[in-house]
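Have a look at the structure below, then the notes.
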Amino acid sequence: MASPEDINWALQFYYTSEDIEATLMDYDEELEESSEEGEDYDETIFSAIETQQVTDNVVVRIVNKIIEDAHRQKVSDIHIEPGMGKQKVVVRFRKDGVMATYYKFPTKYRAVFVSCIKVMAHLDISNKYKPQDGKINFRHFAPIDIELRVATIPTAGGIEDVVIRILSGGKCMPVNAIGLSTPNLDNLMVGVTKPYGLFLVCGPTGSGKSTTLHSILNYLNSTERKIWAAEDPVEITQPGLRQVEVNEKVGMTFSGAMRAFLRADPDIIMIGEMRDTETAGTAIEASLTGHLVLSTLHTNSAAESIVRLLDMDMDPFNFSLMP
């Protein structure tokens, strides 16, 4: 038996404090050496990353350590929050939907952390006043097969916050292992084995909607069915699925992908998210014309999905909630 306080202390001590503090001492030593030689330490960081000499740089080792610890602890998001003035740089993890402090770094890490991550994500380090988003293939920096989605947001005081979403490239879970009770699993099987209809998974961000849909697709995936999927981004890949990544910059939207799928002889269509009226309308029409459509809605309960669809001006006679 152990108290929550003891478990939290053990996690912090064995997964963060000791290694991080040793690496911080290395950084201080490098900083002193570079100042004695009259070098710009930030420029040294950028050149090390650009030339792929990432393992030799202390700041990159700290960033890698943060990401590796987050992956080991099954964290969904990493929040890097630089403080104003002499306040510390707070790094927090979101695990199981709850935020918890990982470590508080000294103020001098404010600029180098943000710049290091922006360089790794191929973002513009000179632009500090505009939100940016990018991706990091972490295999290039550490022996872990994960992809990171990075978002930078300018905050008060001319500093930037960074939020990193960890996208696991692993296999999908079996449908009987996602934690449903036996009655709910039976109801799920009844719903998804119908030849047509609209199947929606509802819940807030990070609640497991995409994981649930991929588990269902894994169950339905067979050589007798043609399955098209549009996602933003493609987090889980499965053989047999034809997966399309949404990219609004080139005009590939959910609604555009949905229209293209209907011309491509589908049996099952999966849309990562129904965000707008056009996508929702096309999905409902497809479900009424012999296709099984799977998608997600950002609502807190299944009942609220009806209200959400009505808010998007959908005809209530075209859909109903299955008991």
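Scope of the values below: all heavy atoms of this structure, side chains included, with no hydrogens, waters or symmetry mates.
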Do [X] and [Y] come within less than 4.5 Å of each other through their side chains, counting heavy atoms only?
X: Arg110; Y: Ile159; result: yes
X: Ile268; Y: Leu220; result: yes
X: Ile66; Y: Tyr103; result: no
X: Ile146; Y: Ile67; result: yes
X: Gln243; Y: Trp228; result: no
X: Ile117; Y: Ile136; result: yes
X: Pro106; Y: Val89; result: no
X: Leu200; Y: Met274; result: yes

Shortest non-hydrogen contact between [X] and [Y], atoms and distance:
X: Asn221; Y: Ile227; answer: CA-CD1, 3.8 Å
X: Ala142; Y: Glu68; answer: CB-OE2, 3.4 Å
X: Ala286; Y: Val293; answer: CB-CG2, 3.9 Å

Quick one: pull up [atom1] in [X] and [atom2] in [Y] and give me the separation to the nearest 0.5 Å.
X: His214; Y: Ile216; atom1: NE2; atom2: CD1; result: 11.0 Å
X: Ile164; Y: Ile78; atom1: CD1; atom2: CD1; result: 5.0 Å
X: Ser295; Y: Lys209; atom1: OG; atom2: NZ; result: 10.0 Å
X: Leu148; Y: Met120; atom1: CG; atom2: CE; result: 7.5 Å
X: Glu231; Y: Ser210; atom1: CD; atom2: OG; result: 6.5 Å
X: Leu297; Y: Leu309; atom1: CG; atom2: CG; result: 5.5 Å

Ignoring hydrogens and geometry, is there a side-chain-to-backbone donor-acceptor pair from [X] to [Y] under 3.5 Å?
X: Ser76; Y: Arg94; value: yes
X: Glu245; Y: Asp232; value: no
X: Glu160; Y: Val114; value: no
X: Thr296; Y: Gly272; value: yes
X: Lys95; Y: Gln73; value: yes
X: Ser215; Y: Thr211; value: yes
X: Thr277; Y: Met312; value: yes
X: His79; Y: Arg92; value: no
X: Gln132; Y: Asn127; value: yes
X: Thr107; Y: Lys86; value: yes

**Message:** Testing Asp186, Asn184, Leu185 one by one against Thr182 for a side chain to side chain contact (heavy atoms under 4.5 Å, CB included), which residue passes?
**Reply:**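 Exactly one option meets the side chain to side chain contact (heavy atoms under 4.5 Å, CB included) with Thr182, and it is Asp186.
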**Contacts of type side chain to side chain donor-acceptor pair (under 3.5 Å), residue Thr223, not counting sequence neighbours** =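 Counting only residues at least two positions away or on another chain, Thr223 forms no side chain to side chain donor-acceptor pair (under 3.5 Å).
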What donor-acceptor contacts under 3.5 angstrom involve side-chain atoms of residues 254-264, with partners at least two apart or in another chain?
residue : atom : partner : partner atom : Å
Ser255  : OG   : Thr253  : OG1          : 3.1
Arg259  : NH1  : Glu278  : OE2          : 2.2

**Salt bridge present between Asp267 and Lys226 (N-O < 4.0 angstrom)** =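 Not counted as a salt bridge, because no side-chain N and carboxylate O are separated by less than 4.0 Å.
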**Item:** Check ion pair Arg308-Asp311 (N to O, under 4.0 angstrom)
**Value:**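 No, Arg308 and Asp311 are not salt-bridged.
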**Prompt:** Would a hydrophobic clustering, with Ile, Leu, Val, Met, Phe, Trp and Tyr connected at side-chain separations under 4.5 Å, put Tyr102 with Val90?
**Reply:**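 Shared cluster, no.
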**Request:** Under the side chain to side chain contact (heavy atoms under 4.5 Å, CB included) rule, what do Val244 and Met252 come out as? Steps first, then yes or no, please.
**Result:** CA-CA 9 Å; Val244 175; Met252 176 58 77; 4.1 Å; yes
**Residues Ile62, Phe105; criterion side chain to side chain contact (heavy atoms under 4.5 Å, CB included); working and verdict** = CA-CA 10 Å; Ile62 296 174; Phe105 293 89; 3.8 Å; yes
**Asked** Is the number of heavy atoms from other residues, nucleotides or ligands within 6.0 Å of CZ (Phe199) greater than 12?
**Response**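 Buried by this count: over 12 neighbours within 6.0 Å.
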